[in-house]
Amino acid sequence: MASERIKEFIASSLWGKNLTAEQRRRVDNETSELVASAGQTVCHRGVRSEYWYGVVEGLVKVSNVSRSGRPTTLVGIPAGGWIGEGSVLKNEIRPYDVVALRDSRLALVPASTFHWLLSTSLPFNRFLIDQLNARLAQFVIRVEHSRSFHPDRHVAHCLAELFNTALYPGTATTLQISQEEIAFLAGVSRQLANRALRRLEDEKLLQVSYGSIRIINVEALRTFASNPED
DNA sequence: TCATTAAATTGTT
DNA sequence: AACAATTTAATGA
């Protein structure tokens with residue numbers, strides 16, 4: 001049985017709020033909670049995907065360590081976001097690690113519950129389509145950026161995605177994250193991330209401080225990512 | 001509460 | 001990648 005905290009999280013989530021009372025009762029019953037401390041791997045690569053994860057508070061990343069030991073972060077998920085539906089849908093071995101970037105609280109929806117929702121709830125399906133579509137758009141833009149070397153734009157885009165209110169309604173304007181992690185997230189060097197952040201601060205799009213950033217204008221950040229004035 | 005030290009993060013080459 | 005500078009957290013008087 002989920003804690004009050006988790007119940008509230010589900011009830012206010014983009015898909016949970018549209019379930020019937022009966023459906024929500026079942027989800028509440030079957031969802032569990034996981035508290036992860038900073039740096040902890042929530043779910044290891046190579047394990048069969050048993051859960052769909054919701055980020056109640058904190059920040060997690062989906063990452064991969066190459067054979068040569070180089071870490072690559074594919075996507076960051078702040079509070080309010082959901083992750084892991086791809087593997088649960090395909091019932092496959094999880095291809096990536098899910099790691100907590102700082103102390104985080106997660107909601108664990110079992111794969112069986114997930115599939116039941118998929119076959120009974122139209123709003124749930126709608127949410128999944130929106131989520132997958134948003135991810136697709138995110139990666140399409142990334143491919144575009146990877147072909148033209150514009151690290152400032154790219155970092156701006158990655159940050160804007162992190163503050164995407166359509167995907168992560170719970171995200172506050174301030175996020176605790178180091179510049180090093182932002183660099184991993186954007187797939188650029190720390191130097192470039194540092195340079196981009198100060199450029200974006202100059203443009204009054206965000207404010208950087210020790211170990212955290214505050215977004216001042218998400219829309220402008222998005223615009224900057226696609227329409228730089230340089 | 002304050003000073004000292006270690007650890008984390010940032011700035012620079 | 002390496003190093004220096006800065007900020008925060010932890011410790012103990």
Side-chain angles (χ1 to χ4, degrees), chain A residues 5 33-45 53 55-81 83 96-106 138 141-143 145-165 167-168 170-225 228-230:
Chain A
R5 185 77 179 279
E33 182 176 7
L34 175 65
V35 175
S37 49
Q40 186 182 334
T41 299
V42 172
C43 170
H44 287 85
R45 180 169 53 141
Y53 298 91
V55 182
V56 181
E57 72 179 35
L59 177 67
V60 304
K61 66 173 176 180
V62 174
S63 67
N64 199 355
V65 180
S66 72
R67 209 168 305 163
S68 56
R70 193 171 56 88
T72 50
T73 298
L74 301 162
V75 62
I77 304 96
I83 189 70
Y96 306 108
D97 288 327
V98 178
V99 181
L101 284 181
R102 56 191 181 81
D103 293 353
S104 302
R105 186 182 302 272
L106 303 176
Q138 187 173 353
I141 294 174
R142 268 196 198 203
V143 171
H145 282 163
S146 72
R147 291 181 179 174
S148 60
F149 191 69
H150 289 295
D152 291 359
R153 278 191 232 179
H154 185 54
V155 171
H157 171 245
C158 289
L159 289 176
E161 278 307 316
L162 219 44
F163 289 88
N164 184 336
T165 49
L167 280 178
Y168 318 120
T171 313
T173 58
T174 304
L175 192 64
Q176 251 181 59
I177 185 172
S178 71
Q179 294 185 8
E180 188 174 31
E181 281 301 343
I182 291 174
F184 281 139
L185 215 71
V188 300
S189 68
R190 189 165 66 78
Q191 290 94 321
L192 286 176
N194 179 268
R195 216 175 52 114
L197 284 171
R198 280 181 292 156
R199 166 90 191 274
L200 297 172
E201 186 171 43
D202 278 349
E203 304 276 344
K204 308 260 184 289
L205 303 181
L206 53 80
Q207 187 191 350
V208 306
S209 42
Y210 189 87
S212 71
I213 55 169
R214 192 179 111 241
I215 297 298
I216 295 172
N217 190 338
V218 195
E219 274 316 306
L221 198 59
R222 223 177 282 286
T223 307
F224 181 93
E229 309 88 24
D230 63 2

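In what follows, chains are A, B, ... by sequence order, proteins preceding strands, each numbered from 1.
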Take the protein atom [atom1] of [X] and the nucleotide atom [atom2] of [N], then report the distance between them rounded to whole Å.
| X | N | atom1 | atom2 | value |
| --- | --- | --- | --- | --- |
| A:N194 | B:dA8 | CG | C1' | 15 Å |
| A:R198 | B:dT12 | CZ | P | 5 Å |
| A:R102 | C:dA9 | CZ | C1' | 17 Å |
| A:F184 | B:dT10 | CZ | P | 13 Å |
| A:E181 | B:dA8 | CD | C1' | 13 Å |
| A:L197 | B:dT12 | CG | P | 13 Å |
| A:E180 | C:dT6 | CD | C1' | 16 Å |
| A:L192 | B:dT10 | CG | C1' | 15 Å |

Tell me whether the side-chain N/O atoms of A:Q179 come closer than 4.0 Å to OP1 or OP2 in B:dG11. yes
For the backbone of [Y] and the side chain of [X], can you confirm whether one donor and one acceptor N or O come within less than 3.5 Å of each other?
| X | Y | result |
| --- | --- | --- |
| A:S104 | A:R102 | yes |
| A:T173 | A:R214 | no |
| A:E181 | A:S178 | no |
| A:D97 | A:R45 | yes |

A:N194 and A:R198: side chain donor to acceptor below 3.5 Å: yes
Please round to 10 degrees the angle between the axis of the first five pairs and the axis of the last five pairs in the helix from B:dT1-C:dA13 to B:dT13-C:dA1. 10°
Shortest non-hydrogen contact from A:Y96 to A:S63? CB-O, 3.5 Å
Is it the case that B:dG11 (base atoms only) and A:R190 (side chain only) share a donor and an acceptor within less than 3.5 Å, ignoring hydrogens and angles? yes
